[in-house]
Protein chains: 4
Amino acid sequence: MDNKKQHILDTALSLFIEDGYENTPTSAISKKSNVATGTLFHHFHSKHQILDELYIDSKRSLRLELIKNLQSTNDQQDILHLIWENYSRWAVSNPNKFRLLSRYSTSKMISAEAREQVDNTYQELINVLNESREKGLLAKIPLECVIMLTKLHFACAAEYFITHPEALQKKKLPKRLFQAYWRAIST
Amino acid sequence: MDNKKQHILDTALSLFIEDGYENTPTSAISKKSNVATGTLFHHFHSKHQILDELYIDSKRSLRLELIKNLQSTNDQQDILHLIWENYSRWAVSNPNKFRLLSRYSTSKMISAEAREQVDNTYQELINVLNESREKGLLAKIPLECVIMLTKLHFACAAEYFITHPEALQKKKLPKRLFQAYWRAIST
Amino acid sequence: MDNKKQHILDTALSLFIEDGYENTPTSAISKKSNVATGTLFHHFHSKHQILDELYIDSKRSLRLELIKNLQSTNDQQDILHLIWENYSRWAVSNPNKFRLLSRYSTSKMISAEAREQVDNTYQELINVLNESREKGLLAKIPLECVIMLTKLHFACAAEYFITHPEALQKKKLPKRLFQAYWRAIST
Amino acid sequence: MDNKKQHILDTALSLFIEDGYENTPTSAISKKSNVATGTLFHHFHSKHQILDELYIDSKRSLRLELIKNLQSTNDQQDILHLIWENYSRWAVSNPNKFRLLSRYSTSKMISAEAREQVDNTYQELINVLNESREKGLLAKIPLECVIMLTKLHFACAAEYFITHPEALQKKKLPKRLFQAYWRAIST
DNA sequence: TATGAATGAGCATTCATTCAT
DNA sequence: TATGAATGAATGCTCATTCAT
């Protein structure tokens with residue numbers, strides 16, 4: 001059943017994060033998943049495809065969370081704050097998916113086909129940034145830079161919350177981290 | 001001669017950046033370096049050591065540039081600005097070294113011994129941040145976060161300048177990018 | 001139903017001819033036959049058995065055609081001509097069966113059991129050759145050689161007619177090709 | 001040294017003839033050659049290349065023998081007889097090379113590149129047949145058929161002499177076998 | 001110091017076959 | 001009778017490393 005395929009994916013994800021894609025033999029994946037070599041290749045036609053599927057799944061999972069509850073406000077900063085919180089919460093709940101994206105998003109290991117399927121993950125976020133920029137809310141740096149800074153600030157916060165899970169529960173630090181981000185990109 | 005060893009290191013660096021450490025066979029390094037298989041292992045006792053040496057060399061190269069002309073001012077922001085500029089210039093001059101550090105600094109591929117030899121690369125930078133913090137110039141977020149944000153902002157700017165080399169010559173953008181950084185970490 | 005088994009055999013025959021027995025996975029056979037993996041192994045207990053059955057079937061099919069209308073004459077040359085024509089017609093009608101026999105008759109892939117079941121395919125032909133020889137009609141070369149030459153001439157003509165089907169309809173070429181054969185083996 | 005590569009080729013040839021290309025694992029070749037797996041792939045970049053090299057080598061070896069002593073006569077039949085004898089002698093001396101060509105010449109296993117390198121093996125023979133045909137010495141069948149019959153008769157004789165080596169020493173049988181061939185193709 | 005043939009453990013993948021449903 | 005997920009031995013090939021020259 002699909003159970004088994006998912007189990008292989010879960011195992012592969014943790015091994016890829018722990019040891020890296022190229023340092024994880026398929027034999028390690030199948031062994032840790034308690035399935036035979038053949039079973040792995042019955043569900044995936046290559047080791048590569050496993051990474052692709054993990055990438056697509058992680059991106060989709062992120063996207064789903066990223067845009068939750070967005071309709072409630074019109075203030076650009078509030079919207080960004082909401083997205084920022086969604087991102088952090090998602091990262092803390094899915095640390096390995098978060099790390100997979102950090103590590104392989106920009107690498108050549110992900111196939112172009114896989115990328116195409118999820119290339120709109122940050123669309124809403126980019127739209128918000130674009131609107132803010134047009135409204136003159138943002139610093140006069142290229143949108144490209146704003147996006148890069150956004151991703152980096154988000155990742156930075158996420159990384160911190162993953163290693164300090166209690167920090168997300170407190171009020172002040174999350175607020176201050178978001179403000180650091182907002183100050184960075186705003187005028 | 002040492003010429004040959006250096007040539008191997010240069011070749012390996014570009015291949016590691018282009019294809020990744022794991023996807024670069026030693027045979028590719030020796031072939032592109034126009035030396036025999038045995039020659040490579042005459043100069044390095046393992047493939048691993050090549051990465052370690054590149055790491056150490058890159059870190060040292062960075063450190064040397066990072067702290068240039070630091071004595072001329074006492075203002076914390078000015079000092080950070082200087083370091084930030086030094087970093088950007090170094091990255092543009094040594095894009096592959098910069099990328100090597102981005103990619104492998106936090107990976108398990110670098111041996112603990114190699115790390116030890118260069119673990120003080122950012123010492124001055126950290127000192128400055130610490131002093132600034134004690135003077136109350138910085139936002140009230142953990143030093144750890146400040147350091148992370150610093151590295152990310154530096155890397156972000158460097159990445160942009162590497163792909164847009166002309167931007168570094170202009171005056172406004174570099175200034176604004178640094179200000180974005182400063183706003184992020186300061187009160 | 002038997003329909004399905006036959007369909008698998010037909011598919012396997014064409015794949016074995018196209019790609020060779022060893023280069024045809026059972027999965028390719030079942031896929032092209034639109035049956036499940038298990039279904040194939042429900043009808044045949046091994047891939048080997050498929051080849052054996054195809055071999056037996058091809059030999060039987062050939063034998064049935066080979067000896068058609070033989071009773072009408074007593075002249076040895078005429079009998080051989082008739083057999084020769086039967087063979088050519090059969091080959092043109094069953095090119096893949098013809099090729100299967102060309103390719104695998106002498107190979108180790110066919111089991112001894114399969115061979116036993118059809119080892120009398122050429123019995124009548126051999127009888128005719130033997131009689132002709134005893135009557136002094138044939139060249140003084142070993143019967144073994146006569147049989148080899150016979151098979152080769154037959155195969156040569158068949159191959160030509162398969163690739164030039166129109167040639168079989170004409171009168172002269174078939175006649176001349178048979179005469180070439182007859183001249184080769186006769187005194 | 002080249003010694004080792006040649007040894008691998010020799011071993012592979014005998015295994016390919018004995019068991020067939022597909023049924024011969026590279027591990028069997030390296031084991032029987034007393035070299036390591038890696039050594040085999042140091043000399044050949046794929047199993048396929050071994051077959052290609054054997055094919056090229058066999059064809060070249062054949063060609064060298066085929067046209068020996070051809071200049072001594074102008075009579076077409078005599079020339080063909082000489083070639084026929086050269087072929088038989090070569091086959092008896094190189095039975096495995098002969099069988100390799102019989103088995104794989106027309107198979108898809110041989111790469112187009114390998115074929116190109118030796119596609120003129122039978123050029124002289126074909127030239128002689130063509131001239132004979134223009135002189136009206138041959139039966140009025142397509143040259144294509146004449147060539148096919150030639151190859152088959154040659155192979156038939158070779159096969160017989162390989163299994164009955166003493167027959168080649170006698171005078172009568174070789175003569176009669178050649179005459180069978182000549183009768184087949186001549187008027 | 002330099003060479004490159006030789007090594008063999010390790011890897012991704014294939015495929016005939018089994019078996020629970 | 002039919003299915004297709006599961007199996008695992010076997011295969012072609014890679015690659016870091018060694019060593020005799």
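Labels below follow one simple rule: chain letters A, B, ... track the order of the sequence lines, proteins then strands, and each chain is numbered from 1.
Within the structure, a side-chain polar atom (N or O) of D:H42 is placed less than 4.0 Å from OP1 or OP2 of E:dA5. Between E:dT3 and B:T39, a contact under 4.0 Å exists linking OP1 or OP2 to a side-chain N or O. Between D:H43 and E:dA6, a side-chain N or O to OP1/OP2 separation shorter than 4.0 Å is present. Checking the phosphate oxygens (OP1, OP2) of F:dA2, a side-chain nitrogen or oxygen of C:K4 falls inside 4.0 Å.
The two residues A:G20 and A:T24 have their closest heavy-atom pair at O-OG1, 2.7 Å. Among all heavy-atom pairs drawn from C:T26 and C:L40, the shortest one is O-CD1, 3.7 Å. The nearest pair of heavy atoms linking C:R103 to C:D19 is NH2-C, 4.1 Å.
For the residue pair A:E113 / A:Q117, no side-chain donor-acceptor distance below 3.5 Å is found, with atom types taken as modelled. Side-chain atoms of B:S14 and B:N96 form no donor-acceptor pair, as typed in the model, at a separation below 3.5 Å.
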Nucleotide-level pairing of DNA chain E, given in dot-bracket where Watson-Crick and G-U pairs need both distances under 3.5 Å and | marks other strands = .||||||||||||||||||||
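Figure legend: cation-pi geometry between D:K47 and D:Y21, with NZ or CZ positioned under 6.0 Å from the six-membered ring centre and within 45° of its axis.
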Do C:Q6 and C:L9 pass the side chain to side chain contact (heavy atoms under 4.5 Å, CB included) test, and can you show the C-alpha distance, the side-chain angles, and the key distance before you say yes or no?
-> CA-CA 5 Å; C:Q6 189 55 47; C:L9 280 170; 3.9 Å; yes
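Following rounding to the nearest Å, B:K5 (NZ) and E:dA2 (P) show an atom-to-atom distance of 12 Å. In this structure, D:Q49 atom CD and F:dG12 atom P are separated by 15 Å, rounded to whole Å. Rounded to an integer number of Å, the gap from A:K31 NZ to F:dT7 C1' is 15 Å. What separates CZ of D:F44 from P of F:dG12 is a distance of 15 Å, to the nearest Å. Per the geometry, CG belonging to D:N3 stands 19 Å off P belonging to E:dG4, to the nearest Å. Note: CG (D:D19) to C1' (F:dT11) measures 15 Å, nearest angstrom. We find that CG of A:N34 is positioned 13 Å from P of F:dA6, with the value rounded to whole Å.
Counted within 6.0 Å of NZ on C:K31, heavy atoms from surrounding residues, nucleotides or ligands total 12 or fewer; the atom is thus considered open.
Residues C:M109 and C:H48 have side chains in contact (heavy-atom distance under 4.5 Å, counting atoms from C-beta outward).
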Contact pattern, 5' to 3', of nucleotides 12-21 of chain E - B, S or - by protein heavy atom under 4.0 Å = SBBSBBB---
